[in-house]
Every structure is written in structure tokens, then in C-alpha cells.
Amino acid sequence: MMSVVNSNSSNNYLLQPYSFSNRVERLNKANYRVRSYNREISKEDKIKALVGSTIGTVVPILFMMKKQKVKNPLKLKYGMWDMINTAAGSIIGGVGFGLIDENEKVRKNRLKEGLFQFMNASIPTWIVGGVVSLCENNEKYNNKWCKILSVAGGLLVGMYGSAALSNLITDPKDKYPDRKLSLKDALANIDDGIGALALAKIPIVEKLNIGRFLPIIYAACGYRAGQSN
């Protein structure tokens, strides 16, 4: 008696005429990388991330205010390590609160996003600080336009480099889709970009005083990491 093959079975490929298109389809199905876990972001996720990132941002700012002996946080002066510490505090707070009462898969994804956000906020800052320092120590390149170009190049290299390194660390076997840079991710480095324009002594940029916006920018990084699913 002749057996009947289930029409929904993957073995149907064996019944199809061989062709190049069929082969490509099989390879695509075999190599397709899917997200390990995904779900809708709930109101509770957002609240935990907001509370954690806010606390994580406020704590280093309070230490800075004490160190610089100022009572108004809008008058703080941010150095490279101040920016990195504030970003780290926000991300640790957002992710830390985001891990509360969650399952293993959600925790794993939020830790990965936290690593991505921290590297995206810190590595470009380190690179920009280094290239500007090199310009200042070289008489030939110690001018505003070289500094601006160096900052722009440092930001691009830093952002894409940190994304690639983060993906390599969190997914060394390349099983899942890469975490791509987005416009929101670039906001973490807006301080360096405006700093480059300030070097050109553009009046409106100098009046912006980007330092007053840094806590909001870094709190946003921690918030994104803390609610990531």
C-alpha cells in the first residue's frame, strides 16, 4: 500500500524538482537567525527602568556636586570620567531594577543591552578624548578644524566599534541577529558632537551649555537598557 506524505512536512523538499532556487531556500531556512526571546514591553517594565535609571543618574551627580562644591547641578562641569561614571550609574540602575522579578531570558537580554549601552556611551568618549589630546600635543594639528574632524572620526569609529565588540561579546557564535546602532543610540554621544562644534566657536553652540542635558541623555540610556526585552 502506498504511503501518504504529510503536506506540511519539511520532507516536501524531497518531492520538489531540484533547482537552484530550492537550494537557496533550504540554506536560508537552515541559516536564518532569530531572536532568542522577545515580548511586549509592559508598563511595569517601563516603571522599573525609569526608577532605576533615575536613581543611578542622581547618585553620581550628587558626588560630583560635593566634589565641585556646587549646589546647582546645572552648573556642573563634566570631564571624561564624569560622563562615563554618570552613564555607568544610569545603566546599572536601570538594568538592576529591570532584573527584579523577571525570568532568566529577560534578565539575560537586559544584561546584554546594558553592556551595549555602556560601551556605546563610554568607548566613543575615550576615543574622542584620546584624539583631541593628540591634536593638542601636536603643533601641526592643534587647530579647531583638525579637532572637529578628529572628533567626528572618533565618534564614528567608537560607535560602530563598540557595537561590533558588544555583539561579539554577547553572541560569540553569531546565533542571533546583531544589535544594530540606531539614532537613539547616537544620542548618548551628542555631547562629544556638540563639543566639536563648540571648538569652532559657533556662538549658539557655546550658549547651549550641553552639560545641563547630560543627565537626561544618560538616564535615557539606562531606561532603554532596563526595559529591554
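Through direct or relayed side-chain contacts under 4.5 Å between Ile, Leu, Val, Met, Phe, Trp and Tyr, F63 connects to I47, V51, I55, V59, F97, I100. Grouping Ile, Leu, Val, Met, Phe, Trp and Tyr residues whose side-chain heavy atoms lie under 4.5 Å apart, directly or via other members, leaves I92 alone, with no other cluster members.
Here the CG-NZ distance, from L99 to K48, works out to 8.0 Å after rounding to the nearest 0.5 Å. Remark: M64 CE to D82 CG distance equals 4.0 Å, nearest 0.5 Å. Between the NZ atom in K108 and the CD atom in E104 there is a gap of 7.5 Å [rounded to 0.5 Å]. Summarising the geometry, atom CD1 belonging to I148 is positioned 9.0 Å from atom CG belonging to N143; distances are rounded to the nearest 0.5 Å. Distance CG/L74 to CZ/F213: 9.0 Å, rounded to 0.5 Å.
Side chain of N85 to main chain of W81: a donor-acceptor pair is present (N/O by atom type, distance under 3.5 Å, no hydrogens or angles). Under the 3.5 Å distance criterion, the side-chain polar atoms of N120 are left unmatched by any main-chain donor or acceptor of Q117. Without hydrogens or angle criteria, T57 side chain to S53 main chain gives a donor-acceptor distance under 3.5 Å. Looking only at distances, no side-chain donor or acceptor of S166 sits under 3.5 Å from a matching main-chain atom of S162. Q68 places a side-chain N or O within donor-acceptor distance of the main-chain N or O of K77, the cut-off being under 3.5 Å. Panel note: side chain N167, backbone A163; a donor-acceptor pair is recorded below 3.5 Å. S90 contributes no side-chain N or O that, together with a main-chain N or O of T86, makes up a donor-acceptor pair within less than 3.5 Å. Remark: side-chain polar atoms of T54 are paired, donor with acceptor, to backbone N or O of L50 under 3.5 angstrom.
The two residues K147 and C135 come nearest to each other via the heavy atoms CG-CB, 4.0 Å. Of all non-hydrogen atoms in I61 and P73, the two that sit nearest each other are CG2-CB, 4.2 Å. Shortest non-hydrogen contact noted between A88 and F118 is CB-CE1, 3.7 Å. Scanning all heavy atoms of the two residues, the minimum distance from L155 to P124 falls at CD2-CB, 4.2 Å. Contact detail for E113 and A225: the closest heavy-atom pair is CG-CA, 3.5 Å.
Under the 4.5 Å side-chain contact rule for hydrophobic residues, L165 and I127 share a cluster. One hydrophobic cluster, built from ILVMFWY side chains closer than 4.5 Å, cannot hold both I216 and I84; they sit in different ones. When hydrophobic clusters are built by joining Ile, Leu, Val, Met, Phe, Trp and Tyr residues whose side-chain heavy atoms come closer than 4.5 Å, directly or via intermediates, M83 is grouped together with L62.
For A220, the side chain to side chain contact (heavy atoms under 4.5 Å, CB included) criterion is met by no residue, not counting sequence neighbours.
You'll find the side chain of L115 stays beyond 4.5 Å of the side chain of R179, heavy atoms only.
In this structure, D101 places its CG atom where only 12 or fewer heavy-atom neighbours from other residues, nucleotides or ligands lie under 6.0 Å away.
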